Number of protein chains: 2
Amino acid sequence: MRSQSTDDYLKALYKLETEEKPVSTTALARLMKVTAASATGMIQRLARDKLVAYRRYYGVRLSPEGKRIALRVIRNHRIIELFLAEELGVSWDKVHQEAEAWEHVVSTEVVEKMADRLGNPKRGQRGQLIPERDGAMPEQRDHVLADAAIGALLRVTEVEDDDAGVLQHLVSIGLGPDSRLEITERRQYDNLLVIRVGGKTEILGPSLAQRIRVARLPVVRRSKEKVV
Amino acid sequence: MRSQSTDDYLKALYKLETEEKPVSTTALARLMKVTAASATGMIQRLARDKLVAYRRYYGVRLSPEGKRIALRVIRNHRIIELFLAEELGVSWDKVHQEAEAWEHVVSTEVVEKMADRLGNPKRGQRGQLIPERDGAMPEQRDHVLADAAIGALLRVTEVEDDDAGVLQHLVSIGLGPDSRLEITERRQYDNLLVIRVGGKTEILGPSLAQRIRVARLPVVRRSKEKVV
DNA sequence: CAGCAAACATAGGTATGACTAAACAGCAGG
DNA sequence: CCTGCTGTTTAGTCATACCTATGTTTGCTG
């Protein structure tokens, strides 16, 4: 039987997975805030249960079944977050922690009732893509702010951080999902990003710029301007 | 740190407790569907954590702190049941099981938001009294149907059973919270109760009559009668 | 290519919470 | 008073999931 712990590990593995290389024990341990030994132990149980493919001293990768579970848990989490915020008026800084506990416990059936109530949203509280009902993950078409070109006009699609302090800071400078911004300058030596947002100039450190995802704003000047 | 298991045991102890004698290990084990040995083990942990008073070979009783936790869990459970049914449209036979999982996980803060949304109800889905926000348990003024006098006009206040089959049967004969009924006859030898409910005559066995709580109907002129 | 440090795995310990099997307490009846 | 039954507790085992301490690999670097 699956436990909350295994669900959490699978979720963490999904976040860490990339096309290229398998996830390292240390990376998993760091994200889960446990020792490497504990991570090894859990990886072995997951491998035994066929939820991951594992080779010692090499790395670990989700199996199709493991991925399915991870996406389900992530969908639950994001729907619950939205539900807590929009339907129950839970303050944004408490929503994440509460959803963390609920996600393992709320039945799929009830999550889908919440999703219906919310109008089957495609993105979560901070703009994260939500896995679909059937387990498919929509393709991510945006890119990280840190990689964007100078002078580009951008729209924030997602904030990839759930730390309350970080979010609070971003709110204070007017940066959140759907904010518009322009990159003014990239400082060579310390990699700081100077941006214009809401009529003001702000500076972002590289770690922050790495956690904000953006999409290019369509250039609409010349033809019929349509404001939505 | 409290766990789901300890919460469940405390809840069970609250249900079993009476003024007179302490709860027996066997009774607790039966309700929790574990062996007596397991119950003993848990009782010892609860005693160690000062959540119960315990004497070997004698019995166990909730401490004030244990009682406080039990009442909190029960309040959570009942509010969540109502919320699931009324706000999310979860069908009545699935509500109990879902709430069983949620009750340990939903923060007090969010439960109270649900309670506000529901208008701070005093009774649960099946008419059970809900412990108050501050931990007080309202006094039970009703009594069990099995003890009621013949000829009495009664209103159902509570159905003390969460078995889906039992509930389904009661629904089918038109008995639920707020139903009105009259006791026609009590059969001496097999203790069956003959009642009039919704214009029909029904017969209840003693085990069922023991699980239904009723209040005497105030004798008033029938002007604003609520139909359920 | 050898050697070393970082990354990873194993061994052994703890707590929870379940189980079975076996010992033991307490009360009733002979 | 002792015997025996019922109820209860103890003892020992197992799985999960964490820890610390200690080995083992791997890959980088001189």
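These figures come from a predicted structure and were not determined experimentally. Within every chain, numbering begins at 1; the chains are lettered A, B, ... in the order of the sequence lines, protein sequences first and strands thereafter.
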Worksheet item: Taking all non-hydrogen atoms of both residues, which atom of B/Met137 and which atom of B/Leu129 are closest, and how far apart?
Response: CE-O, 3.7 Å

Worksheet item: With A/Arg213, which of A/Asp161, A/Asp147, A/Asp142 fulfils salt bridge (charged side-chain N to carboxylate O under 4.0 Å, His left out)?
Response: A/Asp142

Discussion item. Students often get this wrong, so: under 4.0 angstrom with heavy atoms, is B/Ala36 touching a base, only sugar-phosphate, or nothing?
Written reply: base

Discussion item. Rounded to whole Å, please give me the gap between OH in B/Tyr58 and P in C/dC27.
Written reply: 11 Å

Discussion item. Rounded to whole Å, please give me the gap between NZ in B/Lys21 and P in C/dG26.
Written reply: 19 Å

Practice prompt. Could you tell me whether the phosphate oxygens of D/dT26, OP1 or OP2, come under 4.0 Å of any side-chain nitrogen or oxygen in A/Arg55?
Written response: no

Worksheet item: Quick one: B/Asp8 CG to C/dA18 C1', roughly how many Å, whole number?
Response: 14 Å

Worksheet item: Can you tell which of C/dG17, C/dT10, C/dT20 lies closest to the side chain of A/Arg56?
Response: C/dT10

Fill in: From C/dG17, D/dT9, C/dT16, nucleotide with atom closest to B/Thr6 side chain
C/dG17

Discussion item. Are B/Arg187 and B/Ile203 packed together at the side-chain level, in the sense that at least one heavy-atom pair is separated by less than 4.5 angstrom?
Written reply: yes

Worksheet entry | Rounded interatomic separation in angstrom, taking CG from B/Leu10 and C1' from C/dG17 | 15 Å

Response to the item:
Shortest non-hydrogen pair, A/Leu118 vs A/Ile79, comes out as CD1-O, 3.7 Å

Worksheet item: How is A/Thr25 classified with respect to the nucleic acid when contacts are heavy atoms under 4.0 Å: base, sugar-phosphate, or nothing?
Response: sugar-phosphate

Item to complete: Check whether any side-chain heavy atom of A/Trp102 sits under 4.5 Å from a side-chain heavy atom of A/Asn76, and report yes or no.
Response: no

Worksheet, complete the sentence: From OH of A/Tyr54 across to P of D/dT25 the rounded distance in Å is 13 Å

Worksheet item: Is B/Gln44 near enough to D/dT10 that one of its side-chain N or O atoms lies under 4.0 angstrom from OP1 or OP2?
Response: yes

Worksheet item: Reckon B/Tyr9 touches a base, only the sugar-phosphate, or nothing at all at heavy-atom distances under 4.0 Å?
Response: sugar-phosphate

Worksheet item: Which nucleotide in the set C/dT16, D/dA17, C/dT10 lies at the smallest distance from any side-chain heavy atom of A/Met42?
Response: D/dA17

Discussion item. By nearest atom, which of the nucleotides C/dG17, C/dT10, D/dA17 is closest to the B/Ser3 side chain?
Written reply: C/dG17

Discussion item. In whole Å, I'd like the distance from the CD atom of B/Gln4 to the P atom of C/dG17.
Written reply: 10 Å

Worksheet item: Do A/Ile69 and A/Glu65 come within less than 4.5 Å of each other through their side chains, counting heavy atoms only?
Response: yes

Item to complete: Just call it for A/Arg30: base, sugar-phosphate, or nothing, with non-hydrogen atoms closer than 4.0 Å on any strand.
Response: nothing

Practice prompt. State which of D/dT10, D/dA17, C/dG17 makes the closest approach to the side chain of B/Thr40.
Written response: D/dT10

Worksheet item: Where the side chain of A/Ser38 is concerned, which of D/dC19, C/dA18, D/dT9 is the nearest nucleotide?
Response: D/dC19

Write out a two-atom table: protein N or O, nucleotide N or O from nucleotides 21-23 of chain C, distance below 3.5 Å.
none

Worksheet item: Roughly, in whole Å, what's the span from CG in A/Leu16 to C1' in C/dA7?
Response: 16 Å

Worksheet item: Which one of A/Gln4, A/Arg72, A/Arg75, A/His77 satisfies the side chain to side chain donor-acceptor pair (under 3.5 Å) criterion with A/Glu103?
Response: A/His77

Determine all donor-acceptor pairs shorter than 3.5 Å in which one atom belongs to a side chain in residues 28-44 of chain B; sequence neighbours excluded.
{"unit_1": "B/Thr35", "atom_1": "OG1", "unit_2": "B/Ser38", "atom_2": "N", "d": "3.3"}
{"unit_1": "B/Thr35", "atom_1": "OG1", "unit_2": "B/Ser38", "atom_2": "OG", "d": "2.9"}
{"unit_1": "B/Thr40", "atom_1": "OG1", "unit_2": "B/Ala36", "atom_2": "O", "d": "3.1"}

Item to complete: Would you mind classifying the nucleic acid contact of B/Ser5 as base, sugar-phosphate or nothing, using non-hydrogen atoms under 4.0 angstrom?
Response: sugar-phosphate

Worksheet item: Between B/Arg45 and C/dT16, is there a side-chain N or O to OP1/OP2 distance below 4.0 Å?
Response: no

Worksheet item: Between atom CG in B/Leu28 and atom P in C/dA18, what is the gap in whole Å?
Response: 10 Å

